[in-house]
Amino acid sequence: MNYETILHEIYQESKTLPIIGNVSISIPELTKVDPDKFGIHLISIEGEDFGIGDSNEKFSIQSVSKVLTVALAFSFLDERIWERVGVEPSGSAFNSLVQLEYEKGIPRNPFINAGAIVIADMLVTHLENPKQDFLDFIRMISGSPTIDFNLKVAQSEKDTRFRNAALANFLKSFGNITNDVEMVLDFYFHQCSIEMTCKELAHSFFFLANEGKTISGIQVLTKSQVKRLNALMQTCGFYDESGEYTYKVGLPGKSGIGGGIAALYPKNFVVSTWSPRLNEKGNSDLGMNALELLTTKTGMSIF
Ligand code: GLU
């Protein structure tokens, strides 16, 4: 497969598409990002890298980080994490409160904010230095020691945390947060503020295409855990647009409101895109289109 030519074609064709959406306004610091940035990076399972556009510029990975916190929690708690969070698509917005009430504080899945906050609570309990240990995990799986938090983004999210604070307090009232709420939120805002380039993001997700092994050969999860995490991404990775995304793209993937997407074809490749303009569901419009073009042109999709 000539990925270089295909990425070039996708990049050119994507630029002719109608411009849809705008940068997220929910975190003030993210409104400063140039909406017209656009990058794609693909790493093949053989470890060959292909990048185009702004693929070497850092951006805020936001909710894409939720896959990596679940991976870390999964690695030491295994199936026990599902006692406190479900594996069903939510059909609701990423920051919705309503389902939590009638489902008695058990979030539908770990990729909506409520679920990610419960996973953050598990990591705060299990890690000695939660924020640093999580960062070290990311640096290990990506092979990139310079990956870091963006403290301005973390602070900006903290300053406007009303809805996430409501979710965390609500979870606490059901007994599904065991640590101090502010401590858990602080961890969650930092995990979301992590910045990566498209290349670093694709490298971080490599183990999910490689039966649990990182590029450097470290076994992070078992084959079975990887199957489960990829299945969750497929069904829940794009909030209440997961069905539409699956229909168009046909690859497990996860989006974030920073405009990033990571997606993968097991045993074949990992691809990441970055375009900060979001559609009304909070997903990167151009990124989704680029991935649709990729699976259409290559014929490579899990379906
Ligand atoms: N940090 C964001 C929030 O909690 C993440 C949402 C997202 O990327 O979808 O609102």
Side-chain angles (χ1 to χ4, degrees), residues 21-33 35 58-70 85 89-97 99-100 107-121 123 131 134 138 149-171 177 181-196 198 201 204-205 232-233 236-242 244-245 253-263 272-285 287-288:
N22 218 326
V23 295
S24 163
I25 50 162
S26 64
I27 302 173
E29 194 61 26
L30 293 185
T31 60
K32 298 180 182 164
V33 175
K58 299 247 187 208
F59 62 93
S60 192
I61 68 166
Q62 291 297 318
S63 276
V64 185
S65 68
K66 292 171 180 170
V67 179
L68 304 174
T69 52
V70 175
V85 59
S90 70
S92 310
F94 66 95
N95 54 7
S96 167
L97 277 150
Q99 257 166 5
L100 265 188
R108 273 282 172 106
N109 69 66
F111 298 151
I112 50 174
N113 285 9
I117 292 169
V118 171
I119 299 288
D121 183 59
L123 294 180
K131 287 187 278 186
F134 180 60
I138 300 281
F149 303 120
N150 179 324
L151 298 180
K152 278 192 183 163
V153 172
Q155 186 60 46
S156 181
E157 189 164 357
K158 185 175 183 182
D159 293 343
T160 52
R161 67 186 178 288
F162 311 109
R163 188 169 269 266
N164 283 323
L167 284 169
N169 280 294
F170 205 31
L171 287 161
I177 292 288
V181 163
E182 287 301 325
M183 195 190 283
V184 174
L185 286 174
D186 182 60
F187 178 89
Y188 174 73
F189 298 146
H190 279 80
Q191 78 168 71
C192 290
S193 82
I194 287 176
E195 289 189 325
M196 291 191 198
C198 287
L201 186 57
S204 304
F205 272 62
L232 262 180
M233 272 198 277
C236 311
F238 284 67
Y239 312 115
D240 45 339
E241 201 174 22
S242 297
E244 175 94 7
Y245 164 79
K254 181 75 197 85
S255 67
I257 56 166
I261 298 176
S272 64
T273 60
W274 174 45
S275 163
R277 289 185 189 275
L278 307 179
N279 63 20
E280 73 284 359
K281 304 278 187 187
N283 295 314
S284 168
D285 193 74
M288 278 175 54

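Counting starts at 1 for both ligands and their atoms, following the listed order.
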[X] neighbourhood, listing ligand 1 atoms whose heavy-atom distance to it stays under 4.0 Å:
X	result
Ser63	5 (C), 6 (C), 7 (C), 8 (O), 9 (O)
Cys192	1 (N)
Tyr239	7 (C), 8 (O), 9 (O)
Gly256	8 (O)
Asn113	3 (C), 4 (O), 10 (O)
Ile257	2 (C), 6 (C), 7 (C), 8 (O), 9 (O)
Glu157	1 (N), 2 (C), 3 (C), 4 (O), 10 (O)

Hey, is the main chain of Val153 close enough, under 3.5 Å, to the side chain of Ser156 for a donor-acceptor pair?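 A pair under 3.5 Å: no.
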
Do [X] and [Y] have side chains that get closer than 4.5 Å, going by heavy atoms?
X	Y	answer
Ile257	Ser63	no
Ile112	Ser92	no
Thr69	Leu123	yes

Please confirm whether Tyr188 approaches ligand 1 to less than 4.0 Å, judged on its heavy atoms.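 It does, in that a heavy atom of Tyr188 comes within the 4.0 Å cut-off of ligand 1.
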
Could a heavy atom of Asn95 be found less than 4.0 Å from some atom of ligand 1?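 No.
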
State whether a side-chain donor-acceptor pair under 3.5 Å links Asn113 with Asn95.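 Side chains of Asn113 and Asn95: no pair found under 3.5 Å.
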
Matching residue for Asn150 among Gln155, Glu195, Lys58 - test: side chain to side chain donor-acceptor pair (under 3.5 Å):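 Per the side chain to side chain donor-acceptor pair (under 3.5 Å) rule, the option paired with Asn150 is Glu195, out of Gln155, Glu195, Lys58.
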
To the nearest 0.5 Å, what is the distance between CG (Leu68) and CD1 (Ile194)?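 Here the rounded value is 7.5 Å.
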
Taking both backbone and side-chain atoms of Gln62, is any N or O found less than 3.5 Å from an N or O belonging to ligand 1?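 Yes, at least one N or O pair falls under 3.5 Å.
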
N or O pair under 3.5 Å between Asn164 and ligand 1: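 In this structure, Asn164 places an N or O atom under 3.5 Å from an N or O of ligand 1.
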
Quick one: does NZ or CZ of Lys152 land under 6.0 Å from the six-membered ring centre of Phe189, within 45 degrees of the ring axis?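 Lys152 over Phe189 ring: no.
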
